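Single-structure report; data block below.
Everything quoted here is computed from the prediction, not taken from an experiment.
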Amino acid sequence: MPKRSSDRRSILLLSVGHSCVDVYQGAVAALVPFFAAESHYGYAAVSGVVLAASLLSSVAQPLFGALTDRRPLPWLLPVSTLVGGAGIALSGVGGSYGLTLAFVALSGVGVAAYHPESARVARLAARRAGDGRRGLGTHRGMAWFSLGGNLGFAAAPLLVAAVVGTGGLRLTPLLALPALAGAALCLPVLRELERRRAAGEAREPVPGADDRAAFVRLSLAVVCRSVAFVGLSTFLSLFTAQRLGGGPAAGTAALVVLYAGGAVGSVLGGALADRWGRVAVARWSYLVAAVAVAGVLLVPGPALYLFVALTSAGLYVPFSLQVTLGQDYLPSRIGTASGITLGLTVSVGGLASPVIGALADATSLRTALLPLVLMPVLSWALFRTLPEPVVSEQVAPEAGTAPVAR
């Protein structure tokens, strides 16, 4: 198989595998209405479930990133996929709130272990597939990798509704099936990595200078985006059911729109960045997101779904762009940058969920969600301070050769 074709195949497999992992992040929010109905948890209690998935994940992902910066650990891809699936599969049969929290936290650790190493491997494959200049290229290759995760998010409400909606929480063990498939998909990628290593082809780019100040500002923008996205997705199903009626079906439809729109947004972001630059595209996207979140909370009637779609696009267009920006701002620590920008994007926002839940219990759900409008505005303000990095495409030389500049 030609080298570039094998790299594109690896990107495809990584993208589908990414969807099999991120289905478990989407499943946490999708399970919230069922925990509330069957276990009679209040807003604060169900937000605690989201916190359990987010807390360990948000702390562990940079740690796993730092670990993979010291030494690549490709075996983490199948192992972490299985751990992420096992936690969600057991979450509905624990029999107590404490066990539910523990199993959801276990899933969060699996997700945390997956993202830094998978992002490193995907970036390498994307760079080789595009030869650094054409074809997929890094931006578009990472966009397709991110697309897989977004499709997993989008599939989660449908999967949970099909399984748990028909038989209750006792059927959550069936949710382990995507993890088994995802782990199997990782194996050809690992074999290709080993083949390239044995042939001396697994050369990584020579890292340039780190821009730590820019990376910190980018990370703060990611945190604000995460608070808006996770806070909204945690309570969107319940909020939609309250506003429109229709029970769990109306809420599930809103979550599907939120996640499926993200799949379009990620690919669109890679294409737009090729023309106008990553920083500019992300900055305008966050302005769209701020208006859209306000529309979700304030505009009455079925128009809510339109604003959910706009929110999804506004928050997801910067998704893969933030990953490659972080890697370019911190080129000597690709794993750490990936763990923070890709991992924190969908985890640290869960830390704010209990606050939103407690405020909702004390006031109303709409009142508790209104501060989320400010989060994309803060991300926009932070992106106004960021430069578009100049990327060096040198690769590390093999013995007796000079670096190749691209």
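- The distance from atom OG1 of Thr240 to atom CG of Leu244, rounded to the nearest 0.5 Å, is 6.0 Å.
- The heavy-atom pair separating Asp22 from Gln25 by the smallest distance is OD1-NE2, 2.9 Å.
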Residue pair Arg283, Arg384: steps toward the side chain to side chain contact (heavy atoms under 4.5 Å, CB included) verdict: CA-CA 7 Å; Arg283 189 166 62 236; Arg384 289 197 53 162; 3.3 Å; yes
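- The shortest distance between side-chain heavy atoms of Leu258 and Phe229 falls below 4.5 Å.
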Going by atom type alone, with no hydrogens or angles, which donor-acceptor pairs under 3.5 Å involve a side-chain atom of residues 75-84 and a protein atom two or more places apart or on another chain?
residue: Ser80; atom: OG; partner: Leu76; partner atom: O; Å: 2.5
residue: Ser80; atom: OG; partner: Leu77; partner atom: O; Å: 3.2
residue: Thr81; atom: OG1; partner: Leu77; partner atom: O; Å: 2.7

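- With sequence neighbours excluded, the residues forming a side chain to side chain contact (heavy atoms under 4.5 Å, CB included) with Ala368 are Ile356, Leu359, Ala360, listed by chain and number.
- When all heavy atoms of Val317 and Ser285 are compared, the pair lying nearest together is CG1-OG, 3.1 Å.
- With Ser107 contributing its side chain and Gly87 its backbone, the two residues share no donor-acceptor pair below 3.5 Å.
- To the nearest 0.5 Å, atom CG of residue Asp328 and atom CG of residue Asp211 are 11.0 Å apart.
- Partners of Asp210 under the salt bridge (charged side-chain N to carboxylate O under 4.0 Å, His left out) rule, at least two apart in sequence or in another chain, are Arg333.
- At a threshold of 4.5 Å between non-hydrogen side-chain atoms, the residues Pro72 and Glu117 count as touching.
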Residues 176-187, side-chain donor-acceptor partners within the protein, below 3.5 Å, at least two apart:
none

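- The CG atom of Leu99 lies 12.0 Å from the CG atom of Leu106; values are rounded to the nearest 0.5 Å.
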Working note: Leu14 + Val121, criterion side chain to side chain contact (heavy atoms under 4.5 Å, CB included); need CA distance, chi angles, decisive distance, verdict. CA-CA 9 Å; Leu14 286 166; Val121 174; 3.8 Å; yes
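- For Phe145, the ring-ring contact (aromatic ring centres under 6.0 Å, His included) test picks out His18, with sequence neighbours left out.
- Checking side-chain atoms of Thr252 against main-chain N and O of Ala249 turns up no donor-acceptor pair under 3.5 Å.
- Applying the salt bridge (Lys or Arg N to Asp or Glu O under 4.0 Å) rule to pairs touching residues 290-319 yields nothing, sequence neighbours excluded.
- Remark: Leu151 engages Leu147, Ala263 in a side chain to side chain contact (heavy atoms under 4.5 Å, CB included) (not counting sequence neighbours).
- Annotation for Val288 and Leu310: closest pair CG1-O, 4.2 Å, computed over non-hydrogen atoms.
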Carefully, step by step, assess Trp144 and Ser320 under the rule side chain to side chain contact (heavy atoms under 4.5 Å, CB included). CA-CA 9 Å; Trp144 284 103; Ser320 64; over 6 Å; no
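- Here side chain to side chain donor-acceptor pair (under 3.5 Å) pairs that include residues 166-179, with residues two or more places apart or in two chains, number zero.
- Val21 is listed as a side-chain neighbour of Val111, based on a closest heavy-atom distance under 4.5 Å.
- Cation-pi geometry between Arg217 and Phe215 is not met at under 6.0 angstrom from the ring centre and within 45 degrees of the axis.
- Closest non-hydrogen pair, Gly277 versus Glu388, comes out as C-OE1, 3.7 Å.
- Under the 3.5 Å distance criterion, the side-chain polar atoms of Tyr316 are left unmatched by any main-chain donor or acceptor of Leu268.
- At a threshold of 4.5 Å between non-hydrogen side-chain atoms, the residues Ser91 and Leu31 count as touching.
- In this structure, CG on Leu369 lies 4.5 Å from CG on Leu365, to the nearest 0.5 angstrom.
- Under the 3.5 Å distance criterion, the side-chain polar atoms of Tyr24 are matched with a main-chain donor or acceptor of Leu175.
- Between Phe35 and Thr100 the shortest side-chain heavy-atom distance falls below 4.5 Å.
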Evaluate the side chain to side chain contact (heavy atoms under 4.5 Å, CB included) criterion for residues Ser338 and Gln327: first the C-alpha distance (whole Å), next the side-chain angles of each, then the deciding distance (0.1 Å), finally the verdict. CA-CA 7 Å; Ser338 302; Gln327 292 170 336; 2.9 Å; yes
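- The line from CG of Asp69 to OG of Ser332 is 7.5 Å long, rounded to the nearest 0.5 Å.
- Classification of Arg191 and Glu194 as a salt-bridged pair fails, no side-chain N sitting under 4.0 Å from a carboxylate O.
- Atom-to-atom distance recorded for Leu255:CG and Ser237:OG is 5.0 Å, nearest 0.5 angstrom.
- You'll find the side chain of Leu372 reaches within 4.5 Å of the side chain of Val227, heavy atoms only.
- Within the structure, ring-ring contact (aromatic ring centres under 6.0 Å, His included) pairs that include any residue of residues 364-387 comprise Tyr286-Phe383 (at least two apart or interchain).
- A centroid separation of 6.0 Å or more is found between the aromatic rings of Tyr114 and Phe64.
- The side chain to side chain contact (heavy atoms under 4.5 Å, CB included) test applied to Ala86 returns no partner, not counting sequence neighbours.
- Residues Ala155 and Val23 come closest through the heavy atom pair C-CG2, 4.4 Å.
- Contact detail for Leu325 and Arg278: the closest heavy-atom pair is N-NH1, 3.5 Å.
- Side-chain contact of Thr68 with Arg120: a donor-acceptor pair under 3.5 Å is absent, judged by distance alone.
- When side chains are defined from C-beta on, Arg123 counts as touching Ile334, because their heavy atoms get closer than 4.5 Å.
- Considering only residues two or more places apart in sequence or on other chains, Ala241 meets the side chain to side chain contact (heavy atoms under 4.5 Å, CB included) condition with none of them.
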In a table with atom names and distances, give each donor-acceptor pair under 3.5 Å that connects a side chain of residues 294-307 to protein atoms at least two apart or in another chain.
residue: Tyr305; atom: OH; partner: Ala250; partner atom: O; Å: 3.1

